[in-house]
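Step one of this worksheet: look at the structure below.
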There are 2 protein chains.
Amino acid sequence: MPTRDIFNAIADPTRRQILDLLCQREMAVGELVETLGLAQPNVSKHLRTLGEADLVHVRIDGPRRHYRLRAERLRELEEWLAPYRRRWADRLDALERHLDQLDDPDHEED
Amino acid sequence: MPTRDIFNAIADPTRRQILDLLCQREMAVGELVETLGLAQPNVSKHLRTLGEADLVHVRIDGPRRHYRLRAERLRELEEWLAPYRRRWADRLDALERHLDQLDDPDHEED
DNA sequence: CAGGCATATGCCAAGTGAGGCATGTTTTAG
DNA sequence: CTAAAACATGCCTCACTTGGCATATGCCTG
């Protein structure tokens, strides 16, 4: 069984697009299919992957399944980002960019 | 040529480990090889992928290549995360979790 | 209960990525 | 100029992933 972590889930552009849509409102599979222009089984598979990463939640409504984003799950990403944010947030950032410029003369700097 | 975006770059656990190491200090390939316990060509390939996503920067020092993290590049991820952060940050969050609980009685809630 | 929706799952083919291994390249030492 | 050190690159194989297509499953209507 493959890895179904968040990093893997958001690595696919189509899945990011799905998340983007679900960020606005809950949607049924059919709506997603129509919006994405993909085949229904394909969309279902992506939703499965997202579900295994706990990024979406299903609400069953008769024969329809409404998928809703679990935005809270993305906090994991936020937390992973924390140590790095500290790096770009502090004053060293400017210095590093300056060093990059010195190391790489071809690089265009703003 | 494959996609070399940030999402893809951080999808691999080994590459995240490399980023984690480089977050602390600049390191030469040999140091990374020793720390990671992987074969050198493999490490070089991951570094290449990270480089193509502009997540690392190389400083050539004689025969050695020191890799440094470009933490600023991760701002792209931060920006991508922004719309979602708004979702989990607002008061709707608690409501949504409540709804999840109602939809999914088996789910353990804190 | 038969049939039709809305979705999920299974199977197959093609593309992609990671690791292992051998080899090429650049730099420094002698 | 030769050799060795430090990396990068090329090739191969294997496992995984994605998309397309067919089909199974669950739910609701008549």
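All values below come from the heavy atoms of this structure, side chains included, with hydrogens, waters and symmetry mates left out. Below, read A as the first sequence line, B as the second, and so on, with proteins coming before strands; counting in each chain starts at 1.
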_Are the side chains of B/M27 and B/L21 in contact, using a 4.5 Å heavy-atom criterion?_
yes
*Do A/R59 and A/R65 have side chains that get closer than 4.5 Å, going by heavy atoms?*
no
*A/E78 with A/R85: basic N within carboxylate O range, under 4.0 Å*: yes
Taking atom [atom2] of [N] as reference, at what distance in whole Å does atom [atom1] of [X] sit?
X	N	atom1	atom2	result
B/E31	D/dA6	CD	P	11 Å
A/F7	C/dG17	CZ	C1'	18 Å
A/L32	C/dA6	CG	C1'	13 Å
B/H66	C/dT26	NE2	C1'	15 Å
A/D12	C/dG17	CG	P	12 Å
B/R64	D/dA5	CZ	P	12 Å
B/I10	C/dG17	CD1	P	15 Å
A/R59	C/dA6	CZ	C1'	14 Å

*Return each pair, listed once, that meets salt bridge (charged side-chain N to carboxylate O under 4.0 Å, His left out) where at least one residue sits in residues 8-25 of chain B; pairs must be two or more places apart or across chains.*
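Residue pairs passing salt bridge (charged side-chain N to carboxylate O under 4.0 Å, His left out), neighbours aside: A/D5-B/R16, B/R25-B/E31.
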*asked:* Strictly by salt bridge (charged side-chain N to carboxylate O under 4.0 Å, His left out), give each pair with a member in residues 39-51 of chain A just once, sequence neighbours left out.
replied: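 For residues 39-51 of chain A, and leaving out neighbouring residues, the salt bridge (charged side-chain N to carboxylate O under 4.0 Å, His left out) pairs sorted by first residue read A/R48-A/E52.
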_At under 4.0 Å between heavy atoms, how does the protein contact nucleotides 24-30 of chain D? Give one character per nucleotide, 5' to 3', with B, S or -._
---SS--
*Mind checking side-chain hydrogen bond (donor to acceptor under 3.5 Å, both in side chains) for B/R64 and listing every partner two or more places apart, or none if nothing turns up?*
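Partners of B/R64 by the side-chain hydrogen bond (donor to acceptor under 3.5 Å, both in side chains) criterion come out as none, since no residue qualifies.
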*Name all pairs fulfilling the ring-ring contact (aromatic ring centres under 6.0 Å, His included) condition that reach into residues 5-53 of chain A, sequence neighbours left out, sorted by first residue then second.*
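Sorted pair list: A/F7-A/W80.
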*Does A/Y67 make a side-chain N or O approach to OP1 or OP2 of C/dA6 shorter than 4.0 Å?*
no
_When you measure from the side-chain N and O atoms of A/T14 to the phosphate of D/dT17, is any distance below 4.0 Å, counting only OP1 and OP2?_
no
Those residues that, when tested against [X], pass side-chain contact (heavy atoms from CB on, under 4.5 Å) (two or more places apart):
X	answer
A/Q17	A/L36
A/A11	B/A11
B/P41	B/A39

*Could you tell me which residues satisfy salt bridge (charged side-chain N to carboxylate O under 4.0 Å, His left out) with B/R73, sequence neighbours excluded, listed by chain and number?*
B/E76
*Near DNA chain C, which residues from residues 38-50 of chain A have a heavy atom under 4.0 Å away?*
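Result for residues 38-50 of chain A: A/Q40, A/P41, A/S44, A/K45, A/R48, sorted by number.
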*Output the residues of residues 17-29 of chain B in contact with DNA chain C, where contact means a heavy atom of the residue under 4.0 Å from an atom of the strand; sort by number or write none.*
none
